[in-house]
Amino acid sequence: MSIQGCFYVTVYGSALAWTQVLPTLVSLSLTVLTWFDCQVLFMYLGVYLHAFQLLLWSVQLTLKIDRPDPICQEYHTYSFPSVESFYVGALVTFIIGYSVFWQVKRPVTLWLFIFCFFVVPPTVLVFFNFNLWYEVVISLGIGVIASFLLIIFLWVYIQENSPYYLNIFPLNWLGYKDDYLFGCHYSKEMLRIRKDIAAARAYFRRS
């Protein structure tokens, strides 16, 4: 991978490069999952994280903490708040929160992967002095808080009302479904609401 004539040819350089593209990889993965699986949960998470990323970019523009790339000194970017650390904190918190609130059992191997995902990218940023340790901690904290608020909102409000939202444009037009939030009652409830909507439209047409 090269940036402005600089090459990430070492293992350390590759680790830094993959860490820096982490937000893009997460966004693309959620987009692909939403596109192929049509699960509204992935759409909620992707839109929420991207909205928070735009907010972090605004904070970066305000603080203007500029640092050169550790591998390529020609390349400068704003480094705080760390968007990479935010994504790590947000994703790990979301997986843990979803597993706890919706009582989903995860295999031990997945928890080991989550632990490595939580530790490795922030460590890479601190190791290369791209971020100071407290900047990483603050950014992780922002991700944890943001994701926890999303979990609470999904649990308290969105979960019970999901069949109604999925019958409203554009979600119904795009064919979104919900197998993760509403659970096994989703299909029957969706069909009941759709029948009610169809009956109401037929009534108004006759009127």
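A quick note: this is a predicted structure, and the numbers were derived from the prediction, not measured.
For the pair V83 and W57, the tightest heavy-atom approach, listed with the atom from each and the gap, is CG2-NE1, 3.9 Å. Between F117 and V92, the shortest heavy-atom contact is CD2-CG2, 3.8 Å. The minimum heavy-atom distance linking C116 with P121 is given by the pair O-CD, 3.9 Å.
In this structure the side chain of W133 never reaches within 4.5 angstrom of the side chain of V136, judged on heavy atoms. Using a 4.5 Å heavy-atom threshold, the side chains of Y98 and L154 count as separate. Side-chain contact check for I142 versus F52: some heavy-atom pair is nearer than 4.5 Å. Proximity of F118 to L140: side-chain heavy atoms (C-beta onward) are separated by under 4.5 Å at one or more points. Between L91 and V26, the closest side-chain pair of non-hydrogen atoms falls below 4.5 Å. The closest side-chain heavy-atom distance from E135 to P81 is not below 4.5 Å. With a 4.5 Å cut-off on side-chain heavy atoms, D37 and Y180 count as touching. Between S82 and L125 there is a side-chain heavy-atom pair separated by less than 4.5 Å.
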Could you pull out all donor-acceptor pairs under 3.5 Å where a side-chain atom in residues 38-45 meets a protein atom, sequence neighbours excluded?
{"residue": "Q39", "atom": "OE1", "partner": "D179", "partner atom": "N", "Å": "2.9"}
{"residue": "Q39", "atom": "NE2", "partner": "D179", "partner atom": "OD2", "Å": "2.8"}

Distance-only donor-acceptor hits, side chain of residues 144-153, under 3.5 Å, sequence neighbours excluded:
{"residue": "S147", "atom": "OG", "partner": "A90", "partner atom": "O", "Å": "2.8"}
{"residue": "S147", "atom": "OG", "partner": "F94", "partner atom": "N", "Å": "3.1"}

Acceptor/donor pairs from residues 100-114 side chains to any protein atom, 3.5 angstrom cut, sequence neighbours excluded:
{"residue": "W102", "atom": "NE1", "partner": "Q159", "partner atom": "OE1", "Å": "3.2"}
{"residue": "W102", "atom": "NE1", "partner": "L181", "partner atom": "O", "Å": "3.0"}
{"residue": "R106", "atom": "NE", "partner": "S99", "partner atom": "OG", "Å": "2.9"}

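Screening N131, V126, V124 for a side-chain contact (heavy atoms from CB on, under 4.5 Å) with F128, the sole residue that qualifies is V124.
Here the CD-CZ distance, from E84 to F130, works out to 6.0 Å after rounding to the nearest 0.5 Å. Here CG of L49 is found 10.0 Å from CG of L56. Values are rounded to the nearest 0.5 Å.
Under a hydrophobic-cluster definition in which Ile, Leu, Val, Met, Phe, Trp and Tyr are linked whenever side-chain heavy atoms come within less than 4.5 Å, directly or via other members, F36 and V47 are assigned to different clusters. By the rule that hydrophobic residues join a cluster once side-chain heavy atoms approach within less than 4.5 Å of another member, L28 and F86 end up as members of separate clusters.
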